[in-house]
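Down below is the structure, laid out as structure tokens.
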Number of protein chains: 2
Amino acid sequence: MAGGGAPETPAPGDAPGPVIVLVEPQLGENIGMAARAMLNCRLTELRLVKPRDGWPSDEATAAAAGADGVVEGARVFDTTADAVADLERVFATTARNRDMTQRILTPRQAGAEIRQFMADGNAKAGVLFGREAKGLKNDDLALCDAVVMAPVNPAFSSLNLAQAVFCIGYEWLLADLGDGPGEDGGGRLAMAKETRPANKAELRRLFEHLEKELDASGFLHVKEKRPVMVRNIRNMLQRAQLTEQEVRTLRGIITSLAGKRGR
Amino acid sequence: MAGGGAPETPAPGDAPGPVIVLVEPQLGENIGMAARAMLNCRLTELRLVKPRDGWPSDEATAAAAGADGVVEGARVFDTTADAVADLERVFATTARNRDMTQRILTPRQAGAEIRQFMADGNAKAGVLFGREAKGLKNDDLALCDAVVMAPVNPAFSSLNLAQAVFCIGYEWLLADLGDGPGEDGGGRLAMAKETRPANKAELRRLFEHLEKELDASGFLHVKEKRPVMVRNIRNMLQRAQLTEQEVRTLRGIITSLAGKRGR
């Protein structure tokens with residue numbers, strides 16, 4: 001089922017789509033099926049974080065059923081942080097609520113938000129998918145701006161990986177430009193002209209700067225608590241959808257506050 | 001990705017769903033994956049017309065990944081006409097325009113129409129899916145009330161069978177459930193259990209605390225710029241939709257960073 005013949009749905013033209021990031025995918029076949037689902041939805045940029053069975057994969061190419069270009073163009077990364085470093089907005093897909101404070105979107109809302117966010121042709125967004133059955137780790141979620149949960153059968157909610165990719169791609173493809181939640185729901189960020197959203201590499205440097213100072217000041221001195229505290233702090237700052245200018249302001253604040261301490 | 005945890009979407013309760021009819025499916029694995037996609041979308045009634053590799057199928061059960069009940073309950077028919085005999089409304093999925101006069105719907109329209117049609121609890125509807133790669137025959141289409149075509153990439157429009165089933169099931173599941181992007185804007189915030197959103201008084205004390213320390217550290221020393229800088233900083237923190245717990249964390253950070261400075 002498919003078809004270019006459904007005339008009431010406007011074609012998205014050459015609108016760029018989000019990057020699809022598969023974190024520690026296990027079976028090459030699933031990667032290939034995800035690539036096929038991507039191309040069904042006009043998505044072409046695939047990234048893989050530590051694919052278990054290595055890369056390239058003949059199974060992936062076979063399962064892609066013609067979406068060879070997506071598979072061949074896939075880039076492989078060692079860490080999720082590296083895979084999202086150049087992205088300015090990252091969404092995490094998850095099957096269950098975590099005990100973390102995060103914005104939660106349906107695929108339809110996420111599709112509209114991504115479409116809106118990328119509308120100017122410069123901003124880059126991505127969507128993370130966890131490994132089969134296990135999903136994303138909390139440390140991966142901490143890199144993300146919002147969580148996407150599909151409102152499917154609560155008694156049988158685990159989607160096949162390609163299915164989850166399709167669900168997001170399909171909603172992105174169908175999202176109406178200019179009529180999404182950003183327009184009237186207060187979701188879109190109006191931004192001072194001279195700045196742009198901070199990318200993940202800039203955020204990461206901010207976090208590392210803050211954590212270094214917090215280590216020095218003793219705030220993070222309880223070893224067992226440190227990972228959770230660091231994740232919570234990153235999570236909270238991440239949620240502010242900081243601009244590049246604001247990241248510089250925050251780093252100035254940290255430097256200023258910590259500046260003379262102990263010197 | 002999925003989840004019973006997205007509470008803003010009302011459950012469809014016991015609303016009956018359409019029957020899924022796979023016509024001459026080839027691989028047992030695809031039947032199983034379709035069954036899984038069905039149950040993801042609360043659909044449970046599966047019918048098969050002349051499955052090529054026979055029935056029952058171990059491959060189908062394995063690929064169903066837990067949706068065993070759907071596979072075990074599948075009924076097998078010799079002809080499409082037999083498989084739809086008791087249905088009052090039948091939809092055909094197809095990847096391409098046929099030279100036939102038929103009503104064409106998108107999956108979203110079809111989902112809404114099926115939901116509407118079955119609302120009284122008596123009417124039975126079904127959706128036909130053709131065999132992999134080949135699709136439905138014109139004789140099958142002639143049994144149907146409308147044709148469903150997904151508005152996907154016209155240059156790569158062939159969906160995996162389970163994907164096509166999911167697409168219809170998902171749209172049926174979401175039909176009229178208020179998941180439109182306009183409904184609740186930018187999503188909701190999932191929150192760690194033991195906390196609540198910070199109130200404005202708590203935020204104000206946070207801001208004043210930070211500004212006092214930034215005055216002391218010299219960060220805000222340029223008098224003419226101070227009001228704009230203060231506003232920008234408040235703005236940015238405000239945007240994070242902080243919880244009460246996070247406000248306390250931030251105040252701890254400020255105290256810690258500024259702690260020993262100058263003392």
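Here is the naming used below: chain letters follow the sequence lines, and residue numbers restart at 1 for every chain.
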Point to revise | Heavy-atom contact with chain A under 4.5 Å, split by part of B/A162 | key: both
Check your understanding: Is there side-chain contact between A/L257 and B/L210, with heavy atoms separated by less than 4.5 Å?
Key -> yes
Check your understanding: Tell me, side chain or backbone of B/A67 under 4.5 Å from chain A's heavy atoms, or both, or neither?
Key -> both
Point to revise | Whether B/N153 side chain and A/C41 backbone form a donor-acceptor pair below 3.5 Å | key: no
**Study point:** Nearest non-hydrogen partners of A/V152 and B/L173, listed with the distance
**Key:** CA-CD2, 3.6 Å
Review point. Is there side-chain contact between A/N40 and B/S157, with heavy atoms separated by less than 4.5 Å?
Key: no
Practice item. Look at A/E246 together with B/R234 and state whether they make a salt bridge at an N to O cut-off of under 4.0 Å. Key: no
Practice item. To the nearest 0.5 angstrom, please state how far the CD atom of B/Q163 sits from the CD atom of A/Q163. Key: 4.5 Å
Review point. Of the listed residues (A/L237, A/N160, A/N235), which shares the most heavy-atom pairs with chain B below a 4.5 Å separation?
Key: A/N160
Review point. Can you tell if the side chain of A/P154 reaches within under 4.5 Å of the side chain of B/R42, non-hydrogen atoms only?
Key: yes
Practice item. Apply side-chain contact (heavy atoms from CB on, under 4.5 Å) to A/T249 and list each qualifying residue two or more places apart in sequence or on a separate chain. Key: A/Q245, A/I253, B/F219, B/I233, B/M236
**Study point:** ring pair (Phe, Tyr, Trp, His ring centres under 6.0 Å) involving B/F91 - partner list, sequence neighbours excluded
**Key:** none
Practice item. Would you check if the side chain of A/R239 reaches a backbone N or O of B/Q241 as a donor-acceptor pair within less than 3.5 Å? Key: yes
Check your understanding: CZ/A/F156 to CZ/B/R36 distance, rounded to the nearest 0.5 angstrom?
Key -> 6.0 Å
